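Okay, structure first, notes after.
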Amino acid sequence: MAANDLLEVKNLKMHFPIEKGVLFKKQVGAIRAVDGIDFTIKKGETLGLVGESGCGKSTTARAVAQLYSPTDGEVYFEGLDLCKASKAEMLKSRMDIQMIFQDPYASLNPRMTAGDIIAEPMTVYAKRGLLKMSKQEIRHRVEELMEKVGLSRFFINRYPHEFSGGQRQRIGVARALALNPKLILADEPVSALDVSIQSQILNLLDDLQEEFNLTYLFIAHDLAVIEHISTRVAVMYLGIIAEIADSAELYKNPLHPYTKALLSAVPIPDPDIERKRQRIILEGDVPSPDQERHGCYFYDRCPNAMAGKCDKHIPRLKDVENGHQVACFLYFDPED
């Protein structure tokens, strides 16, 4: 890992077994949700992970956090391989790695008050002796966090159903901040919210990142949201990463045919430009993730597919220029 890297992921795979049988179950295949990806996140930056629904974005975040045990690969957080870490090492690392979940209602316990939900991480670690905080200090910290995320401390004894969707997500953000983490995995934190509320939550995350020096892995399928909040962007397709670049560079100069198709679908608020722009329509459906691929994962839908090359070799991410990486044989040969 480089000195400024906080997280490094190498060849991460997450395959879910397909089993048949009632009494004697036998694995007959696997859903290749994540099929060998590599990326790094530097301290203080936001890496946006974007792609179609079902491409493996959320699974990536859960595998990084070890909520899923990866099938293969390495996840280095501050030099420690989380895939091989002991329970004690993982417990300490989880203080620095927190998640904000997609559904702001399902991720909150309906039988706990907002104050108890935010206090729970601190209570758990205090009981294990890894955090020295009294009940009074925890209570004060909860009230402080509620104010930080835009909630009144007088709501501390309210239950999740008494809040709006945006307020519930603010509770989720406060809970993620409770242990002063270094890395937050934000799994589509605004996709279930109204557009006006989305902008409030995004601005809140921006402010919190600057105040607490946070690092984000931000997952979304909305390209406008990703452009707004990300330092760098990784485009994911069918369990692999097709392209990674700085946010401004990716939106200005997309290289991978899939990235170009995605960006061509983003609405432009200028009708004159919108009418002149050529929309790229991808033919066919996304292939089933239970199939093992022997060529480019995008070959079946790619308008630039090259027979004899793209269907027989799997392109790996390569640096084209200035950290702009793409997995496509339009820019290099299989032998390179």
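Quick caveat, the model's predicted, so the values are computed rather than measured.
Hydrophobic cluster membership is shared by Leu6 and Ile37, with clusters built from Ile, Leu, Val, Met, Phe, Trp and Tyr side chains linked at under 4.5 angstrom. When the side chains of ILVMFWY residues are joined at heavy-atom separations under 4.5 Å, either directly or via intervening members, Val173 and Tyr105 end up in two distinct hydrophobic clusters. When hydrophobic clusters are built by joining Ile, Leu, Val, Met, Phe, Trp and Tyr residues whose side-chain heavy atoms come closer than 4.5 Å, directly or via intermediates, Phe218 is grouped together with Leu250. Criterion: ILVMFWY side-chain heavy atoms under 4.5 Å apart, direct or through other members. Under it, Ile100 and Val190 are part of a common hydrophobic cluster. Residues Met99 and Leu12 are members of one and the same hydrophobic cluster, defined by side-chain heavy-atom contacts under 4.5 angstrom among Ile, Leu, Val, Met, Phe, Trp and Tyr.
In this structure, Phe77 and Val64 have side chains that are not in contact, with every pair of non-hydrogen atoms separated by 4.5 Å or more. Contact of the Ile156 side chain with the Met146 side chain is registered, since non-hydrogen atoms from C-beta on lie closer than 4.5 Å. Between Phe16 and Thr59, the closest side-chain pair of non-hydrogen atoms falls below 4.5 Å. Between Lys92 and Leu130, the closest side-chain pair of non-hydrogen atoms falls below 4.5 Å. A 4.5 Å side-chain heavy-atom check between Val320 and Leu255 finds at least one atom pair inside the cut-off. Side-chain contact between Ile31 and Ile18 is present, with heavy atoms from C-beta onward closer than 4.5 Å. At a threshold of 4.5 Å between non-hydrogen side-chain atoms, the residues Pro121 and Arg175 count as touching.
Donor-acceptor pairing under 3.5 Å is lacking for the side chains of Asp96 and Ser93. Side-chain atoms of Glu8 and Thr40 form no donor-acceptor pair, as typed in the model, at a separation below 3.5 Å. Under 3.5 Å, the side chains of His15 and Asp35 contain a donor-acceptor pair of N or O atoms. Side-chain atoms of Ser196 and Asp194 form no donor-acceptor pair, as typed in the model, at a separation below 3.5 Å. Neither side chain, Glu188 nor Ser58, offers a donor N or O lying under 3.5 Å from an acceptor on the other. Side chains of Thr215 and Glu45: no donor on one and acceptor on the other come within 3.5 Å. For the residue pair Gln291/Tyr297, the side-chain donor-acceptor check at 3.5 Å is not satisfied.
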Yes or no on side chain to side chain contact (heavy atoms under 4.5 Å, CB included) for Gln169 and Gln200, after CA distance, side-chain angles and deciding distance? CA-CA 11 Å; Gln169 196 60 289; Gln200 293 177 18; over 6 Å; no

Does the side-chain hydrogen bond (donor to acceptor under 3.5 Å, both in side chains) test come out yes or no for Glu227 and Ser247, once each step is laid out? CA-CA 6 Å; Glu227 183 181 18; Ser247 179; 5.8 Å; no

Check the pair His228, Asp206 against side chain to side chain contact (heavy atoms under 4.5 Å, CB included), reporting the backbone distance first and the verdict last. CA-CA 10 Å; His228 172 77; Asp206 268 342; 3.7 Å; yes

Which is it for Gln325 and Tyr331 under the side chain to side chain contact (heavy atoms under 4.5 Å, CB included) test, yes or no, and what are the steps along the way? CA-CA 10 Å; Gln325 296 179 301; Tyr331 305 96; over 6 Å; no

Does the pair Leu317 and Phe39 meet the rule for a side chain to side chain contact (heavy atoms under 4.5 Å, CB included), with working shown? CA-CA 10 Å; Leu317 277 175; Phe39 63 86; over 6 Å; no

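For Leu214 against Leu208, the heavy-atom pair with the smallest separation is CD1-O, 3.7 Å. The two residues Gln102 and Ser191 make their nearest non-hydrogen contact at NE2-OG, 3.2 Å. Closest non-hydrogen pair, Pro110 versus Tyr159, comes out as O-CD2, 3.5 Å. In this structure, Gly48 and Ser230 approach most closely via the heavy-atom pair CA-OG, 3.3 Å. Looking at every heavy atom in both residues, Leu185 comes nearest to Ala61 through CD1-O, 3.5 Å. Of all heavy-atom pairs spanning Leu330 and Pro257, the tightest one is CD1-CG, 4.0 Å.
Electrostatic pairing of Glu78 and Lys182 counts as a salt bridge here, judged by a charged N lying under 4.0 Å from a carboxylate O. A salt bridge does not link Lys252 to Asp246: none of the charged side-chain nitrogens sits closer than 4.0 Å to a carboxylate oxygen. The pair Glu137-Lys132 does not meet the salt-bridge criterion, since no charged nitrogen lies less than 4.0 angstrom from a carboxylate oxygen. Lys309 and Asp333 are joined by a salt bridge, as a carboxylate oxygen and a charged side-chain nitrogen come within less than 4.0 angstrom of each other.
The 12-atom threshold is exceeded at CG of Asn4, counting heavy atoms of other residues, nucleotides or ligands nearer than 6.0 Å. Other residues, nucleotides and ligands contribute at most 12 non-hydrogen atoms within 6.0 Å of the CD atom of Glu283.
The distance from atom NZ of Lys10 to atom CG of Asp81, rounded to the nearest 0.5 Å, is 9.5 Å. The CD1 atom of Ile118 lies 11.5 Å from the CD atom of Glu120; values are rounded to the nearest 0.5 Å. Taken from CG in Leu49 to CZ in Arg232, the straight-line distance is 11.5 Å, to the nearest 0.5 Å. Phe329 CZ to Asp311 CG: the interatomic distance, rounded to the nearest 0.5 Å, is 10.0 Å. Atom CD of Gln66 is separated from atom SG of Cys83 by 4.5 Å, given to the nearest 0.5 angstrom. One distance of note links NZ of Lys318 with SG of Cys328; it measures 13.0 Å at 0.5 Å rounding.
Partner Glu143 forms a side-chain hydrogen bond (donor to acceptor under 3.5 Å, both in side chains) with one of Arg141, Arg139, His140 and no other, that one being Arg139.
At least one test fails for Arg128 against the ring of Tyr125: distance under 6.0 Å to the centre or angle within 45° of the axis.
Taking the six-membered ring where the residue is Trp, His256 and Phe298 present tilted rings, their angle falling between 30° and 60°.
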